[in-house]
J.: 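Starting off with a structure, shown below.
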Protein chains: 2
Amino acid sequence: MNERPLNRGAEKTRRNCHYHHGDLRNALLSAAMELIEAGGIENVSMREIAKMTGVSPAAPFRHFPTRTALLTAVAEEAMDRFVACIEASMHECVENDPLQQFRAIGVGFLRWAIANPTHFQVISARSAIDFENSTLRRRNDAIRTRMSELMQEAARRKLLRPGDLGRYQLAARAMVYGLARMYLDGQFSSWDLDETKALEESVAILDQYISSISA
Amino acid sequence: MNERPLNRGAEKTRRNCHYHHGDLRNALLSAAMELIEAGGIENVSMREIAKMTGVSPAAPFRHFPTRTALLTAVAEEAMDRFVACIEASMHECVENDPLQQFRAIGVGFLRWAIANPTHFQVISARSAIDFENSTLRRRNDAIRTRMSELMQEAARRKLLRPGDLGRYQLAARAMVYGLARMYLDGQFSSWDLDETKALEESVAILDQYISSISA
DNA sequence: ACCTGAACACCGTTCAAGT
DNA sequence: ACCTGAACACCGTTCAAGT
């Protein structure tokens with residue numbers, strides 16, 4: 001729905017040029033995104049992608065050894081944007097308040113998921129991508145580690161009600177993840193077309209939770 | 001992992017009997033569950049199921065018009081157990097405390113999801129099943145309605161901190177759903193093999209949230 | 001270096017025909 | 001009533017061969 005195309009350039013400017021210099025790799029990724037938007041991940045077929053980019057059925061395998069590898073590459077793009085969204089959100093807030101920074105990670109996640117539903121779907125489809133043998137696991141863990149550190153710092157400064165930090169963190173993660181997921185599944189029937197409201201409401205819920213664990 | 005087989009009886013007692021009276025329908029459903037357990041929903045193929053039950057590739061289509069219909073039938077079984085789990089959980093708690101009953105629904109959900117991961121996976125795979133044209137939507141909505149009523153009753157009796165009831169409900173749902181999902185994705189690395197702890201911890205988090213919105 | 005064409009072993013689904 | 005067998009139009013993936 002809302003994905004800005006990052007690399008649409010260099011489509012086939014001439015037909016019948018056999019793609020000998022065109023940017024096939026990116027064309028394949030764009031085609032995959034199109035198919036996912038149209039009918040979900042299982043709608044992605046290597047042959048269809050090949051047809052869309054005007055290339056033989058075997059050509060995509062020069063760039064991605066496997067369908068999973070192609071989808072994993074889409075997930076890597078998704079992760080790029082995810083990380084960028086979190087960074088942007090953290091730069092918006094007071095630098096010295098760890099609880100506000102913790103919140104900013106949640107807000108960044110929500111913004112990213114709601115603005116990039118297709119990418120969110122791809123990263124969540126762990127049986128269709130290779131989460132472990134890629135930078136995905138590493139980058140995801142880095143974010144989790146950052147959250148832990150912020151929680152510990154918040155506890156050190158007595159900003160938190162006494163309690164299990166791991167539990168606080170898990171609760172916040174589950175809530176934010178659940179909200180994003182429910183939005184994507186269309187479970188917020190009332191704000192179906194109103195993604196601004198969906199974001200506002202989700203952030204309000206996150207804020208409510210954070211203030212409930214604040215000292 | 002933990003699914004008790006409900007209808008394992010009447011497997012092919014005699015080979016080569018051409019299944020003229022055996023319970024093919026249930027045999028197909030069991031085979032589907034086996035394949036899902038082994039490799040997720042996209043591992044389910046009509047032809048493989050046919051092979052497993054010793055029947056021709058076309059036979060399953062006498063019982064389910066489509067692969068989606070088969071998977072939807074599995075989802076209906078999942079919903080049966082889900083509803084049963086919630087009922088059981090609600091019968092365990094004080095009848096007259098709406099907030100405890102609200103909690104019981106959450107606990108029932110968590111118990112069900114953790115004990116029946118395969119079924120949870122199927123119901124969550126909304127692009128692989130027909131959620132709308134089945135009893136699934138109806139029964140799911142009934143549970144949501146029950147939650148709304150309990151929240152309203154709790155508010156009436158001044159058991160809740162003043163605030164938006166819809167928001168409380170959404171937050172609780174998102175949290176519980178997120179917890180189940182994260183458990184299934186193996187995101188609780190520490191309690192990987194310890195599903196009792198996973199359940200206890202999840203319930204503790206739910207309780208913490210409910211007490212944070214209690215008056 | 002990058003792509004094609006043909007091939008292989010799989011799919012879901014349909015349909016005439018068998019019992 | 002329930003199943004088979006063959007067929008159709010699809011898959012992902014491989015590999016020799018072309019430019």
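Predicted model, so just to flag it, every value in this text is computed and none were measured. These numbers come from the heavy atoms of this one structure, side chains and all, not from hydrogens, waters or symmetry mates. Residue numbers start from 1 in every chain, and the chains themselves are labelled A, B, ... in the order their sequence lines are given, proteins ahead of strands.
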J.: In which ranges does DNA chain D form stems of 3 or more consecutive Watson-Crick or G-U pairs, distances under 3.5 Å?
T.: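 Stems found: C:4-8 with D:12-16, C:12-16 with D:4-8.
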
J.: Given atom CG of B:D23 and atom P of D:dC3, what is their separation to the nearest angstrom?
T.: 10 Å

J.: With nearest nucleotides of DNA chain D determined for A:P65 and B:P57 from heavy-atom distances, which residue corresponds to the more 5′ nucleotide?
T.: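 Here B:P57 is the residue nearer the 5' end.
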
J.: For the pair B:N140 (side chain) and B:L136 (backbone), establish whether a donor and an acceptor sit closer than 3.5 Å, ignoring hydrogens and angles.
T.: no

J.: Could you go through the ring-ring contact (aromatic ring centres under 6.0 Å, His included) check for B:F120 and B:F109 one step at a time?
T.: CA-CA 10 Å; B:F120 178 60; B:F109 176 87; 5.8 Å; yes

J.: Between P on D:dT14 and CZ on A:R62, what's the gap in Å once rounded to a whole number?
T.: 10 Å

J.: For the pair made of CD1 in A:I49 and P in D:dT13, what is the distance, rounded to whole Å?
T.: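 For the pair A:I49 CD1 and D:dT13 P, the rounded distance is 11 Å.
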
J.: Can B:R137 be said to sit on top of B:F131's aromatic six-ring, NZ or CZ under 6.0 Å from centre and within 45° of the ring axis?
T.: no

J.: Can you name the atoms? Protein N/O to nucleotides 9-12 of chain D N/O, anything below 3.5 Å, with the distance.
T.:
unit_1	atom_1	unit_2	atom_2	d
D:dC11	O5'	A:S45	OG	3.4
D:dG12	OP1	A:M46	N	2.8
D:dG12	OP2	A:M46	N	2.9
D:dG12	OP2	A:R47	N	3.1
D:dG12	N7	A:R47	NH1	2.7
D:dG12	O6	A:R47	NH1	2.6

J.: Taking only the side-chain heavy atoms of B:V55 (C-beta and beyond), determine which of C:dC3, D:dT4, C:dT4 contains the nearest atom.
T.: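 My answer, after comparing the listed nucleotides, is D:dT4.
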
J.: Search all heavy atoms of B:L110 against all heavy atoms of B:L179 and return the closest pair with its distance.
T.: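 Minimum heavy-atom separation between B:L110 and B:L179: CD2-CB, 4.3 Å.
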
J.: Mind checking whether B:K51 and B:R47 have side chains closer than 4.5 Å, heavy atoms only?
T.: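 No; the side chains remain at least 4.5 Å from each other.
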
J.: Classify the side-chain pair A:Y209/B:Q208 by whether it contains a donor and acceptor separated by less than 3.5 Å.
T.: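 Checked: A:Y209/B:Q208 side chains pair up, N/O donor to acceptor below 3.5 Å.
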
J.: Just so I know, are the side chains of B:M90 and B:L150 near enough to count as touching, which here means a heavy-atom distance under 4.5 Å?
T.: yes

J.: Is there a side-chain contact between A:L206 and A:M175 (heavy atoms, below 4.5 Å)?
T.: no

